Amino acid sequence: MPVFVAPPASEAELVSRAEQLAGEPLGVLAARVGWEAPADLRRHKGFTGQLMERLLGATGGSRAVADFPELGVELKTLPVDARGVPSESTFVTSIPLGEIGDVEFEQSRVVRKLSRVLWVPVEGTRSLPVAERRVGTPLIWSPSAEELSVLRSDWESLCLLIAQGQVESVTGHLGRYLQVRPKARDGSARRVAYDEDGARLLANPRGFYLRARFTQQILARHFRLG
DNA sequence: TATTGATCATAT
DNA sequence: ATATGATCAATA
């Protein structure tokens, strides 16, 4: 079994590879690359995503670029319940708190990440042993004009608040599709930001996330599930 | 019980 | 340090 997987030469090849994985349990797939599935994900939260990257030949690594730079495609695994409904939000990108407002939506990290996404649903029920969780049918996706306009308005209003120094008042309650939540090693992590008077302050690092209701809509529109 | 806020591991 | 991969777990 190949431990090294070459990057796919085209988007079609990438999708084809992902389709070949559908139905397989994570334990079987992990063994293909010489890994063992952990008992649970408490200390291995990135396991599924990293396994899929490895299996599909992603090369982006932890750099701030797409997982498949040559194809401009981002890979996102999506934990789903027994009915195929996403059970968690989806992390999109970290937020540069100190230099927000320097960029238009079209050039933003959010657009760069979401312009083309390969969604890979994976069973995520906590009581299911990780090794037994099966991979679902993948979906290659780009946001529709309507979806993009909602994402833009969420992004613009959230960025405006942060740029105005209201970072501490931006909670996970805000945003229809996109939300801002902590994204840090722990509660003591700090990042440079600015208050409403432009004075430097240190804030907990934040990231943009897609609400589960939005990713549910994405999946439902393409596979008419029950 | 759905959601927000907190947290864990690894790469560069 | 800060990006990546996310899910956990306390709260409302």
Side-chain angles (χ1 to χ4, degrees), chain A residues 5 18 26 29-30 33-69 73-83 85-100 108-110 112-114 117-131 133 135-136 154 158 161-162 167-193 202-217:
Chain A
V5 179
L26 294 180
L29 296 177
V33 297
W35 291 5
E36 196 169 324
D40 63 65
L41 298 183
R42 277 179 297 186
R43 291 185 176 277
H44 303 272
K45 296 179 181 180
F47 170 78
T48 309
Q50 286 152 1
L51 175 59
M52 296 306 298
E53 287 184 339
R54 189 85 188 270
L55 288 164
L56 296 172
T59 58
S62 67
R63 296 175 295 149
V65 298
D67 295 304
F68 300 92
V73 174
E74 180 73 12
L75 173 66
K76 289 290 180 195
T77 60
L78 193 52
V80 296
D81 67 18
R83 297 162 23 230
V85 174
S87 50
E88 287 285 351
S89 58
T90 298
F91 173 70
V92 178
T93 181
S94 54
I95 301 177
L97 293 175
E99 51 194 80
I100 205 151
S108 68
R109 295 181 181 194
V110 167
R112 295 206 306 257
K113 292 283 185 177
L114 297 183
V117 179
L118 180 67
W119 296 103
V120 179
V122 178
E123 287 183 318
T125 304
R126 285 188 200 178
S127 56
L128 255 187
V130 175
R133 299 181 188 181
V135 172
D154 284 344
L158 292 166
L161 283 171
I162 294 170
V167 58
E168 297 297 356
S169 66
V170 177
T171 72
H173 298 271
L174 275 46
R176 189 160 150 217
Y177 292 170
L178 260 192
Q179 62 179 172
V180 170
R181 304 223 306 280
K183 172 62 172 174
R185 170 162 296 278
D186 56 48
S188 68
R190 286 293 176 264
R191 187 70 45 91
V192 172
L202 296 176
N204 191 234
R206 316 297 169 101
F208 283 116
Y209 294 77
L210 298 179
R211 293 185 177 282
R213 274 174 295 187
F214 179 52
T215 53
Q216 175 180 358
Q217 172 185 308

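Every chain is numbered from 1 and lettered A, B, ... according to where its sequence line falls, protein lines coming before strand lines. All values reported here derive from a predicted model rather than from experimental measurement.
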Taking only side-chain N and O atoms of [X], does any of them lie within less than 4.0 angstrom of OP1 or OP2 on [N]?
X: A:R126; N: C:dC8; result: yes
X: A:S94; N: C:dT2; result: no
X: A:T77; N: C:dA6; result: yes
X: A:R43; N: C:dA6; result: no
X: A:R213; N: B:dA2; result: no
X: A:R181; N: B:dA6; result: no
X: A:K113; N: C:dT4; result: yes

Open item on the list: On DNA chain C, compare the nucleotides closest to A:R190 and A:K183; which residue's is nearer the 5' end?
Closed with: A:R190
Open item on the list: I'd like to know if A:R185 reaches the base of B:dT10 with its side chain such that a donor and an acceptor end up less than 3.5 angstrom apart.
Closed with: yes
Task: Donor-acceptor side-chain pairing of A:R181 and A:S89 below 3.5 angstrom - done: yes
- [ ] Indicate whether the side chain of A:R109 and that of A:S94 have a donor and an acceptor atom separated by less than 3.5 Å.
- [x] yes
Just how far, in rounded Å, is [atom2] of [N] from [atom1] of [X]?
X: A:L118; N: C:dG5; atom1: CG; atom2: C1'; result: 15 Å
X: A:Q50; N: B:dT12; atom1: CD; atom2: P; result: 11 Å
X: A:Q216; N: B:dA2; atom1: CD; atom2: P; result: 11 Å

TODO: Please tell me which of the listed nucleotides, B:dA6, C:dA6, C:dT4, lies nearest to the side chain of A:D67?
DONE: C:dT4
